[in-house]
S.K.: 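This structure is in structure tokens; I'll ask about it shortly.
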Amino acid sequence: MIDINNLLKNRPLKGNYFAPDAYLQGDNEFGLLENRSGARLLAIPDTLLKGLFTALEEELGSGSGIALFSCGRSWGKSFYNRFADELAGYYEKPLAQMEMIQFLQCLKQCWKTHGWGVLDIDLKYYQQGFIVAKVINSAYIANAPQGKRPMGFLEAGILSSFFSQLTGQDLHCVQTTCESLGAESNSFIIGIKDRVKSVSAWLEEGHDHATIMELLCRQQN
Amino acid sequence: MQKDFERLFHRAEDHYLIPSEMIALKKHIGLLGKRLETYRYLRDNEAEIFQTVADRLEADFPEEPTQKLEQCLCHWISTLRYSSMAMLLSNPEYLQYRLLEWLTEMIEAHELRAIETRVSEILTEHLQKVLSAEGFNLLKPFLTQSETVLLAKAAPQSPQLAMAGDKA
């Protein structure tokens, strides 16, 4: 028989840690933005993002992608640590005991509340060793040069190091579709570097995301 | 926070509230008292309410593992807690962002829709019985909102997920 008193005692019943009204705190007078755990947040104006993209393109040309990817990778590492600490503290259980679905749901909410766009994680190819992430309305890509090449380098860096930390393996991330090229969303394939290395060549040959996923799975088999 | 009051307070600015606004304010204060009464009842009787729901649920799903039923019950204990606060604040967005938006996909992924639907039905029936008609009407929009958001989508065939580790 289920004993409700027991259930109420033993199970934390908390909701969405990243609910925007609870998560974003601030003090207008001091110009401070903080999250609900007291960690400082930084509001980045569109102009600054545009300026960063332009300056990097100007200075490094096509190498700007590598620079942004590295920035994303190092940012993603700290982001994961903070994310994991805050979740474990709020839900009162270590991350290892958290269900994958709850963890991913928190990540998606976190992404949205920070204003980075709407993230979706597709685990359809998980058994083959790939995770597919999709971001709609990316704030970064909206401010990047349009119509040139996939511009989600920063996000690719963040995702690669975030999932590397989560899985304990060194993962890489390649973008296959981009809003800056007129696609409906930005798709990213995350997997072990050796296994995703062919993606860039397939992209250059003009294959679309679905075909690339098929080719990757075939390559695995 | 209190949407009803906010509108009136913002409108006042440099003048006293006009008689019709005073009447509206009195009405909202009266309603707030009733909301608080309903909230207090739900808070003080949470265990009894959900024990009744749990007993009926076990009778309805004798084959299901207890753990699964407990998981669904926990979802609705949370839902009622957040709904009660949303009722007190008269703010559906509170419920949407603090809980529903986040919980929906978890319910879908666990394929718990049949049990969740039954919990929701038993809970609504039971609350209708134990709350005053007025109290139930104050809470009802938030229960409906929860049902609509949590149970509306068809459950996809997603696999049971374990923490990522060695497979990626």
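Naming: A, B, ... by sequence-line order, numbering from 1 per chain.
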S.K.: Determine, using ring centers only, whether Tyr23(A) and Trp102(B) are less than 6.0 Å apart.
M.R.: no

S.K.: Heavy atom to heavy atom, less than 4.5 Å: which residues from residues 118-137 of chain B reach chain A?
M.R.: none

S.K.: Gln71(B) and Arg11(A): which non-hydrogen atoms are nearest, and at how many Å?
M.R.: CA-NH1, 4.0 Å

S.K.: Could you pull out the closest heavy-atom pair between Cys74(B) and Leu13(A), with the gap in Å?
M.R.: O-CD2, 3.5 Å

S.K.: Are Leu104(A) and Glu105(B) side-chain neighbours, meaning at least one heavy-atom pair lies under 4.5 Å?
M.R.: no

S.K.: How would you list, in number order, the residues of residues 30-45 of chain A that have a heavy atom less than 4.5 Å from chain B?
M.R.: none

S.K.: Has Lys14(A) got more than 12 heavy atoms of other residues, nucleotides or ligands less than 6.0 Å from its NZ?
M.R.: yes

S.K.: Surrounding CD1 of Ile18(B) (heavy atoms of other residues, nucleotides or ligands, distance under 6.0 Å), is the total greater than 12?
M.R.: yes

S.K.: Sort Gln102(A) into side chain, backbone, both or neither according to what part of it lies under 4.5 angstrom from a heavy atom of chain B.
M.R.: both

S.K.: Quick check on the structure: residues of residues 25-51 of chain B within a heavy-atom distance below 4.5 Å of chain A, by number.
M.R.: Glu46(B), Ala47(B), Phe50(B), Gln51(B)

S.K.: At a 4.5 Å cut-off on heavy atoms, which part of Lys9(A) comes close to chain B: side chain, backbone, both, or neither?
M.R.: neither

S.K.: Can you confirm whether Thr104(B) sits close enough to Gln105(A) that some side-chain heavy atom of one is under 4.5 Å from a side-chain heavy atom of the other?
M.R.: no

S.K.: Measuring heavy-atom distances to chain A, does Glu70(B) have an atom under 4.5 Å in its side chain, in its backbone, in both, or in neither?
M.R.: both

S.K.: Looking at OH of Tyr97(B) and CG of Asp21(A), how far apart are the two atoms once the value is rounded to the nearest 0.5 Å?
M.R.: 9.0 Å

S.K.: How far apart are the closest heavy atoms of Leu99(B) and Gly15(A), and which atoms are they?
M.R.: CD1-CA, 3.8 Å

S.K.: Within this structure, what is the OG1-CD1 distance for the pair Thr66(B) and Ile2(A), rounded to the nearest 0.5 Å?
M.R.: 5.5 Å

S.K.: Is Lys108(A) salt-bridged to Glu101(B), going by a charged N under 4.0 Å from an acidic O?
M.R.: no

S.K.: Measuring from atom CD1 of Ile4(A) to atom CG of Leu73(B), what distance do you get when rounded to the nearest 0.5 angstrom?
M.R.: 5.0 Å

S.K.: Can you confirm whether Gln67(B) is buried at CD, in the sense that more than 12 heavy atoms of other residues, nucleotides or ligands lie under 6.0 Å from that atom?
M.R.: no

S.K.: Only heavy atoms, only distances under 4.5 angstrom. Which residues in residues 76-84 of chain B are near chain A?
M.R.: Ile77(B), Ser78(B), Arg81(B), Tyr82(B)

